[in-house]
Student: 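Structure below; questions to follow.
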Protein chains: 2
Amino acid sequence: MQEKPIDARAEEILKKVIVNYILTGEPVGSRTIAKLSREGLSPASIRNVMADLEEMGFLAQPHTSAGRVPTDKGYRYYVDGLLDPFRLAPRDRALIDESLSRVASEFGEAIEIIPKLLSRLSSQVGYVITPPIRDAVLKHIEFVRLHERRVLCVFVDRSGVVSHRIIEVGEEYAQADLDRAGRYLVEEFAGLVLGEIRSRLVALMAQEKAAFDVLLRNAINLGTLYLNAEQDERRLVLEGTANIMKHPEFADMDTMRRLFETFEEKHHLVKLLDRCLDASGVRVVIGSETDDPALGSLALVASPYQVDQRSAGVVGLLGPTRMEYQRAVALVDYISRLLSSLLTSPPH
Amino acid sequence: MQEKPIDARAEEILKKVIVNYILTGEPVGSRTIAKLSREGLSPASIRNVMADLEEMGFLAQPHTSAGRVPTDKGYRYYVDGLLDPFRLAPRDRALIDESLSRVASEFGEAIEIIPKLLSRLSSQVGYVITPPIRDAVLKHIEFVRLHERRVLCVFVDRSGVVSHRIIEVGEEYAQADLDRAGRYLVEEFAGLVLGEIRSRLVALMAQEKAAFDVLLRNAINLGTLYLNAEQDERRLVLEGTANIMKHPEFADMDTMRRLFETFEEKHHLVKLLDRCLDASGVRVVIGSETDDPALGSLALVASPYQVDQRSAGVVGLLGPTRMEYQRAVALVDYISRLLSSLLTSPPH
DNA sequence: CTTTAGCACTCTTCGACAGCGAGTGCCAAT
DNA sequence: ATTGGCACTCGCTGTCGAAGAGTGCTAAAG
């Protein structure tokens with residue numbers, strides 16, 4: 001950022017190299033660029049520029065006598081300033097509109113469909129990450145006695161997402177008590193965010209009324225037990241991981257295996273995606289910028305989506321650094337906007 | 001089966017070839033076998049036998065001047081009659097016991113842990129398939145109004161498995177009505193299998209009482225709406241798919257991709273596993289026996305598990321046909337027995 | 001009749017080597 | 001500043017030959 005030593009011509013050439021490389025997957029040489037350029041520059045001149053670009057770290061050569069290939073830094077520059085505007089094909093748009101309109105505002109369903117959609121339309125890996133439970137809005141909560149000390153807690157979010165967890169309780173509850181406690185919590189706190197509910201429960205607990213009212217005490221107990229655990233937990237849904245194998249740059253089984261292991265773990269990915277939560281629009285993370293060696297030659301296109309104007313989760317896709325960024329960005333942008341509007345405006 | 005043209009010696013040799021191949025992954029020649037055999041047979045004699053075995057389809061040669069490799073038919077014969085008895089290492093046993101005892105009889109948790117366990121202990125792909133919803137035993141059911149015509153139905157099985165689905169209702173319900181209907185269903189039918197509940201509901205519907213009792217009518221309506229859809233649905237959990245890539249026999253990206261696509265679809269796998277449901281113990285399906293070209297060089301080790309003496313679902317693992325069958329079989333057998341006993345005996 | 005030693009044959013693998021083609025860097029001329 | 005020319009560097013491909021592993025067949029031995 002401090003130095004921006006690229007003049008218009010170099011920029012032009014860098015862009016041509018990258019576009020060409022994305023298209024063909026093969027290192028591109030000066031001759032190729034010369035032919036493409038209507039400016040009529042000779043290969044030799046272009047070689048000079050390319051040598052400069054290499055020196056500055058935007059391009060690299062796989063070996064001495066090969067053409068140039070973009071580096072992560074090169075892609076970065078390209079994505080930040082050289083992207084051609086791109087409009088989604090009307091049929092793609094229509095497909096998205098139609099698929100998403102069917103799930104209406106039920107986030108629980110959207111979450112299954114969106115990654116598939118992204119994956120299909122991009123031939124890459126699509127994903128959605130849900131908001132943390134902390135931000136879920138209580139619609140319904142229910143406690144079910146499994147045996148003595150184990151209680152299943154089922155939670156339903158306003159947008160129809162169901163999550164559940166088993167909690168270990170200190171004393172034994174009858175199912176009827178559990179029912180009452182659940183109903184109490186719903187009546188009292190429906191419409192509030194879980195984080196908020198949690199702090200209110202803590203406040204209630206301090207009041208002396210809680211010591212005498214059994215119903216209240218139970219509700220507080222169960223509620224806090226449920227709310228205390230893993231409030232940051234988010235669900236990540238990946239779809240189309242097999243698509244990664246279409247790309248020749250992953251011929252090596254070993255890196256491929258490590259890649260799929262991180263797919264299975266999800267843990268790292270979630271952490272990575274968190275970084276994209278606060279972005280204001282589509283964000284692209286390229287190769288080494290991920291700080292994860294297993295994702296070395298992958299790029300991530302991510303956009304946060306909003307629920308009621310608040311940034312909630314992230315949707316996007318994942319593919320080789322050599323991907324059609326314009327298309328990917330347009331796609332992710334469109335879907336995230338649509339999703340946000342579905343989750344925000346409609347009557348709940 | 002009709003012809004069993006293998007004498008003791010041929011059997012011995014077949015076994016040695018297979019064991020050796022499983023061990024090394026390389027075609028095994030007559031010399032190797034000669035050295036292994038304490039009978040002191042010469043390579044030439046062994047060659048004759050091997051030629052016979054090849055003619056009968058138990059062995060094959062990758063090319064004319066290579067050693068022999070087992071065919072699927074060869075593995076089949078080996079698995080059916082030549083397996084050495086195998087005992088799990090005590091530490092493996094202990095690990096399994098400990099992991100499973102912690103989830104007690106909560107099937108909902110076991111289902112997450114078991115495939116991981118299988119995968120870790122075998123370095124292959126572990127899986128569990130759940131019983132179809134039809135066989136689930138009602139513990140709790142709950143209807144939550146999402147909007148006008150859409151109702152979320154949350155179902156809890158006796159063993160703590162939660163499943164849910166959105167249903168479209170004909171008329172609009174108030175949440176209070178939904179609550180009552182849910183409570184009614186639980187009171188009336190808790191402890192029964194869903195399939196049974198469904199037929200009872202159908203019977204009730206015919207009675208005229210249903211026409212007048214609003215509560216009853218609602219319960220019947222909602223209950224049947226929920227129960228009508230996809231009663232055969234089963235959940236398949238796969239874990240450790242990345243392990244497949246460790247095996248050199250899958251160097252080819254294209255078959256690998258198709259394989260992972262079937263992993264993602266799950267559909268085919270479920271169908272395949274259904275065939276193992278009625279088996280009385282561990283069952284092995286080898287390569288082409290799967291009738292799925294994408295699974296061409298995979299073998300499946302599967303064992304049904306029981307819930308209350310009834311065959312319910314299947315656990316097992318998935319790996320290359322060249323796998324240590326004894327170990328795999330022992331592992332799957334042990335886990336399925338343990339799981340069955342956890343799901344059957346304990347106090348519910 | 002079974003077993004085995006011997007031998008010719010087949011195929012893969014590996015390294016060496018050469019030729020081709022693509023592309024570069026540099027220099028000198030424009 | 002641009003460009004034509006040229007030597008050079010690599011990777012890729014194909015060929016060749018030698019080595020090695022393993023086979024099938026035949027004829028001799030048990």
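Please read these numbers as outputs of a predicted model, since none were measured by experiment. To find a chain, count down the sequence lines: A is the first, B the second, and so on, and within it residues start at 1.
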Student: Give the rounded distance in Å between these two atoms: CG of B:Asp52 and C1' of C:dT3.
Tutor: 14 Å

Student: Under a 3.5 Å cutoff, is there a donor and acceptor pairing between the side chains of B:Ser288 and B:Asp72?
Tutor: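 A donor-acceptor contact under 3.5 Å links the two side chains.
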
Student: Compare side-chain N and O positions of B:Thr64 against OP1 and OP2 of D:dT23 and report whether any pair is under 4.0 Å apart.
Tutor: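 Checking B:Thr64 against D:dT23: no side-chain N or O falls below 4.0 Å of OP1 or OP2.
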
Student: Hey, does B:Arg76 have a side-chain heavy atom less than 4.5 Å from the side chain of B:Val284?
Tutor: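 B:Val284 reaches B:Arg76 side chain to side chain.
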
Student: Between P on C:dT4 and CZ on B:Arg31, what's the gap in Å once rounded to a whole number?
Tutor: 15 Å

Student: A:Gln61 has a side chain; which of D:dT3, D:dG24, C:dG25 sits nearest to it?
Tutor: C:dG25

Student: Provide, to the nearest angstrom, the distance between the CG atom belonging to A:Asn48 and the P atom belonging to D:dT3.
Tutor: 10 Å

Student: Which part of the nucleic acid, if any, lies within contact of B:Ala44, taking any heavy atom under 4.0 Å across all strands shown: a base, the sugar-phosphate backbone alone, or nothing?
Tutor: base

Student: Distance-only check: which donor-acceptor pairs under 3.5 Å involve side-chain atoms of residues 52-62 of chain A, not counting sequence neighbours?
Tutor:
| from | atom 1 | to | atom 2 | distance (Å) |
| --- | --- | --- | --- | --- |
| A:Glu54 | OE1 | A:Gln61 | NE2 | 3.2 |
| A:Glu54 | OE1 | A:Arg68 | NE | 2.9 |
| A:Glu54 | OE1 | A:Arg68 | NH2 | 2.9 |

Student: In this structure, are over 12 heavy atoms from other groups packed under 6.0 Å from B:Lys246 atom NZ?
Tutor: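 Atom NZ in B:Lys246 is crowded, with more than 12 foreign heavy atoms closer than 6.0 Å.
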
Student: Expressed as a whole number of angstroms, how long is the span from B:Glu55:CD to D:dC25:P?
Tutor: 10 Å

Student: Is the phosphate of C:dT24 approached by A:Arg68 (side-chain N or O, under 4.0 Å from OP1 or OP2)?
Tutor: yes

Student: So which one's nearest nucleotide on DNA chain C is more toward 5', B:His63 or A:Thr32?
Tutor: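 Nearest nucleotide further toward 5': that of B:His63.
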
Student: Starting at atom CE of A:Met50, determine the distance to atom C1' of C:dG25, rounded to an integer number of angstrom.
Tutor: 13 Å

Student: Reading DNA chain C from 5' onward, which residue's closest nucleotide shows up sooner: B:Pro62 or A:Pro27?
Tutor: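 Result of the comparison: B:Pro62.
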
Student: Give the rounded distance in Å between these two atoms: CD1 of B:Ile46 and P of D:dG24.
Tutor: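 Those two atoms, CD1 and P, are 13 Å apart.
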
Student: D:dT3, C:dC26, C:dG6: which one has an atom nearest the side-chain heavy atoms of A:Arg47?
Tutor: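 For A:Arg47, the side-chain atoms sit closest to C:dC26.
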
Student: From CD of B:Glu54 over to C1' of D:dG24, roughly how many Å is that when rounded to an integer?
Tutor: 11 Å

Student: Among C:dT24, C:dT3, C:dA22, find the nucleotide with the atom closest to the side chain of A:Ser65.
Tutor: C:dA22

Student: From CG of B:Leu53 over to P of D:dG24, roughly how many Å is that when rounded to an integer?
Tutor: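 About 12 Å, once rounded to whole Å.
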
Student: Looking only at the side chains, is there a donor atom on one of A:Thr241 and B:Glu264 sitting less than 3.5 Å from an acceptor on the other?
Tutor: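 Yes, because at least one side-chain N or O of A:Thr241 sits under 3.5 Å from a partner of the opposite role on B:Glu264.
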
Student: Among C:dG25, D:dT3, D:dG11, which nucleotide has an atom closest to any side-chain atom of A:Ser42?
Tutor: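 Closest of the options to the side chain of A:Ser42: D:dT3.
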
